[in-house]
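What's counted below: heavy atoms across the whole structure, side chains too, no hydrogens, waters or symmetry copies.
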Amino acid sequence: MLDHFGTPAGLFGKVGSFTGLTKTGRENILVRWQDDMAELALCPNVYTKMSGLLMPVLGHQFHKQGRLASKQEIYDLAMPLISHVLNCFGTYRVMFASNFPMDRVSSSLVDIIDAFSDAVVAYDPNALEQVFHHNAKQFYRL
């Protein structure tokens, strides 16, 4: 199980002294992450969790701005990641997971769930139950 879509640190902004400093640097992080996820998805026994996409390590600045990301902001930031992962892994090896309380500094749980579920439905209207229920049940043998 790959947590947090592999956490592409610095994708949305500066993290530390060297990561995500420039637009070009962030574009390189995205391309590398996309390639890495596509390669990992070739392993049929690997699943991934759609979680942790609002952690500050990705470069989000919401916590420094003293505000929470809106549902629309979350959707706009997460949709390219979610659609890429669903495209690579398919709808049967991706599952939603909460990353609370860690994501609390960037948004509310309700807005994250709503934005992520909207992104899944936009990708495939029939995938919502699979990603938000069936995959975890099957993977964890519940």
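A distance of 8.5 Å separates CD1 in Ile74 from CG in Asp114, rounded to the nearest 0.5 Å. Expressed to the nearest 0.5 Å, how far CG of Asp111 lies from OG of Ser70 amounts to 7.0 Å. Note that CZ of Arg104 and OG of Ser108 are 12.0 Å apart. Values are rounded to the nearest 0.5 Å.
Each side chain to side chain donor-acceptor pair (under 3.5 Å) pair with one or both residues in residues 16-31, not counting sequence neighbours, appears once here: Lys23-Glu27. Note on residues 120-129: no pairs pass salt bridge (charged side-chain N to carboxylate O under 4.0 Å, His left out), not counting sequence neighbours.
A search for side chain to side chain contact (heavy atoms under 4.5 Å, CB included) contacts involving Leu21 returns Lys14, not counting sequence neighbours. Applying the ring pair (Phe, Tyr, Trp, His ring centres under 6.0 Å) rule to Phe132 yields the partners Phe96; only residues at least two apart in sequence or on another chain are considered. By the side-chain hydrogen bond (donor to acceptor under 3.5 Å, both in side chains) test, Asp36 is found to be paired with Arg32, residues two or more places apart in sequence or in another chain being considered. Under the ring pair (Phe, Tyr, Trp, His ring centres under 6.0 Å) criterion, Phe5 pairs with no residue, sequence neighbours left out. Every residue two or more places apart in sequence or in another chain that forms a salt bridge (Lys or Arg N to Asp or Glu O under 4.0 Å) with Asp3 is listed here: Lys49. Annotation: side chain to side chain contact (heavy atoms under 4.5 Å, CB included) contacts of Asp118 (sequence neighbours excluded): Lys71, Tyr75. By the side-chain hydrogen bond (donor to acceptor under 3.5 Å, both in side chains) test, Gln72 is found to be paired with Asp76, residues two or more places apart in sequence or in another chain being considered. Residues meeting the side-chain hydrogen bond (donor to acceptor under 3.5 Å, both in side chains) test with Glu39, sequence neighbours left out: none.
Arg67 CZ: more than 12 foreign heavy atoms inside a 6.0 Å radius. Counting non-hydrogen atoms of neighbouring residues, nucleotides and ligands closer than 6.0 angstrom, the OH atom of Tyr140 exceeds 12 such neighbours.
Hydrophobic clustering, with ILVMFWY side chains joined whenever heavy atoms are under 4.5 angstrom apart, keeps Val110 apart from Ile112. Note on Leu81: it does not cluster hydrophobically with Tyr47, by side-chain heavy-atom contacts below 4.5 Å among ILVMFWY residues. Linking Ile, Leu, Val, Met, Phe, Trp and Tyr whenever their side-chain heavy atoms come within less than 4.5 Å puts Met50 and Val46 in one cluster. Under a hydrophobic clustering in which Ile, Leu, Val, Met, Phe, Trp and Tyr are joined whenever their side-chain heavy atoms come within less than 4.5 Å, directly or via other members, Leu109 and Leu77 fall into the same cluster.
Between the side chain of Arg93 and the backbone N or O of Thr48 there is no donor-acceptor pair closer than 3.5 Å. Side chain of Ser98 to backbone of Phe100: a donor-acceptor contact under 3.5 angstrom is found.
The shortest side-chain heavy-atom distance between Gln138 and His133 does not fall under the 4.5 Å cut-off.
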> Do Met37 and Leu2 pass the side chain to side chain contact (heavy atoms under 4.5 Å, CB included) test, and can you show the C-alpha distance, the side-chain angles, and the key distance before you say yes or no?
Replying inline: CA-CA 10 Å; Met37 292 300 284; Leu2 176 68; 3.7 Å; yes
> Taking it one step at a time, do Met95 and His134 satisfy side chain to side chain contact (heavy atoms under 4.5 Å, CB included)?
Replying inline: CA-CA 8 Å; Met95 67 183 77; His134 299 328; over 6 Å; no
> Going through the checks in order, is the side chain to side chain contact (heavy atoms under 4.5 Å, CB included) test met by Val131 and Phe116?
Replying inline: CA-CA 10 Å; Val131 172; Phe116 286 9; over 6 Å; no
Do any side-chain atoms of residues 51-64 form donor-acceptor pairs under 3.5 angstrom with protein atoms, and if so which ones, sequence neighbours left out?
{"unit_1": "Ser51", "atom_1": "OG", "unit_2": "His4", "atom_2": "ND1", "d": "2.8"}
{"unit_1": "His60", "atom_1": "NE2", "unit_2": "Leu53", "atom_2": "O", "d": "2.7"}
{"unit_1": "Gln61", "atom_1": "NE2", "unit_2": "Gly59", "atom_2": "O", "d": "3.1"}

Distance-only donor-acceptor pairs under 3.5 Å for side chains of residues 82-92, two or more places apart:
{"unit_1": "Ser83", "atom_1": "OG", "unit_2": "Met79", "atom_2": "O", "d": "3.0"}
{"unit_1": "Ser83", "atom_1": "OG", "unit_2": "Pro80", "atom_2": "O", "d": "3.3"}
{"unit_1": "His84", "atom_1": "NE2", "unit_2": "Gln34", "atom_2": "O", "d": "3.0"}

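Residues Leu68 and Ser107 come closest through the heavy atom pair CD2-N, 3.6 Å.
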